[in-house]
K.L.:
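First the structure, which I've put down as structure tokens, then a few questions once you've had a look.
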Amino acid sequence: MLTFKILSIFPKYFVSPFMDGLLKQAIEKGSIVIDVIDIRDFSNDKHRTVDDTPYGGGAGMVMKPEPIVSAIQHAKADEKDYAVIVFSPKGRKFDQGTAKRYSKHTRFILVCGRYEGMDERVPEFYADEELSIGDYVLSGGEAAALVFIESIARLMPGYMGNKESVVDESYENNLLEYPQYTKPRVFEGHEVPGVLLSGNHKEIQRWRLEQSVKITAMRRPDLLTAAKKDKHVLSIIEAIDKGNEEGK
Ligand code: ADE
């Protein structure tokens with residue numbers, strides 16, 4: 001069972017994402033528990049203030065530490081072991097490796113920042129890690145928390161019906177996924193690659209790996225160095241390079 005306690009000043013943001021698909025099914029089965037906690041409920045003034053001006057000056061507002069830390073303490077009141085994660089654009093980059101690392105945990109407190117950021121004492125003293133989901137700036141950590149939940153949930157045993165779909169997909173083995181096709185065989189004049197109709201399983205496997213390598217080399221050359229550590233992948237890369245040499 002996975003428990004995600006989400007701390008946000010926009011709790012309604014999380015209404016629909018859990019009402020569909022695999023996440024909905026897992027919640028109904030009780031294998032995932034989602035608890036959305038409104039940080040404003042932990043503000044100690046009647047205006048439910050959660051932000052203030054930054055020390056040292058500058059534009060924008062900063063989320064105050066007291067309501068967030070009170071909300072974290074409330075979420076931890078059952079004394080279970082939680083990984084506390086703050087989402088912000090200055091966090092360590094979240095990737096499939098990080099998802100795998102966290103898939104060994106079962107309880108999470110996910111803190112969503114807003115405004116220009118939050119008082120640094122929160123990530124420094126009350127969180128295990130500060131994570132960013134990519135090199136772009138969102139208005140807050142809510143979308144990042146959803147990304148995190150979905151990627152961890154998919155790694156939970158039994159979440160995906162078909163285990164192979166986790167093994168074969170993008171970023172496993174540091175390769176992007178090969179292209180997939182379904183019926184019709186010809187769509188508006190565009191044919192499905194012939195090898196996929198051949199019934200030759202070995203050839204299909206090889207073609208798929210070749211496609212993965214080619215797409216990764218074109219779109220994500222940074223991944224290829226790690227992918228080359230797999231001997232099979234390396235032999236495909238060498239064969240492609242040799243073919244390119246001979247074609248020159
Ligand atoms: N909040 C704003 N931008 C973010 C990002 N890129 N990742 C995580 N949280 C964020």
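Counting convention: from 1, in listed order, for ligands and their atoms alike. Along the sequence shown, the residues carry numbers beginning at 1.
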K.L.:
With a 4.0 Å heavy-atom cut-off, what residues sit around ligand 1?
P.N.:
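For ligand 1, the residues that come within the 4.0 Å heavy-atom cutoff are Phe87, Ser88, Pro89, Leu131, Ser132, Ile133, Gly134, Tyr136, Val137, Leu138, Gly140, Gly141, Ala144.
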K.L.:
With salt bridge (Lys or Arg N to Asp or Glu O under 4.0 Å) as the rule and sequence neighbours excluded, what pairs involving residues 73-85 come up?
P.N.:
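As it turns out, the salt bridge (Lys or Arg N to Asp or Glu O under 4.0 Å) pairs with a partner in residues 73-85, which skip direct neighbours, are Lys5-Asp78.
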K.L.:
For the residue pair Phe18 and Phe14, does the interplanar ring angle fall in the parallel (under 30°), tilted (30 to 60°) or perpendicular (over 60°) class?
P.N.:
parallel
K.L.:
Can a donor-acceptor pair be found between the side chains of Ser198 and Glu203 at a distance below 3.5 Å?
P.N.:
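No - no donor-acceptor pair under 3.5 Å links their side chains.
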K.L.:
Return the orientation label for the Phe94 and Phe148 ring planes: parallel under 30°, perpendicular over 60°, tilted otherwise.
P.N.:
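It falls in the tilted class, 30° to 60°.
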K.L.:
Once you measure the plane-to-plane angle for Phe108 and Tyr102, does it fall in the parallel (<30°), tilted (30-60°) or perpendicular (>60°) bin?
P.N.:
perpendicular
K.L.:
Assess whether a salt bridge exists between Glu210 and Arg206, defined as any Lys/Arg side-chain N lying under 4.0 Å from an Asp/Glu carboxylate O.
P.N.:
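Result for this pair is yes, salt bridge flagged.
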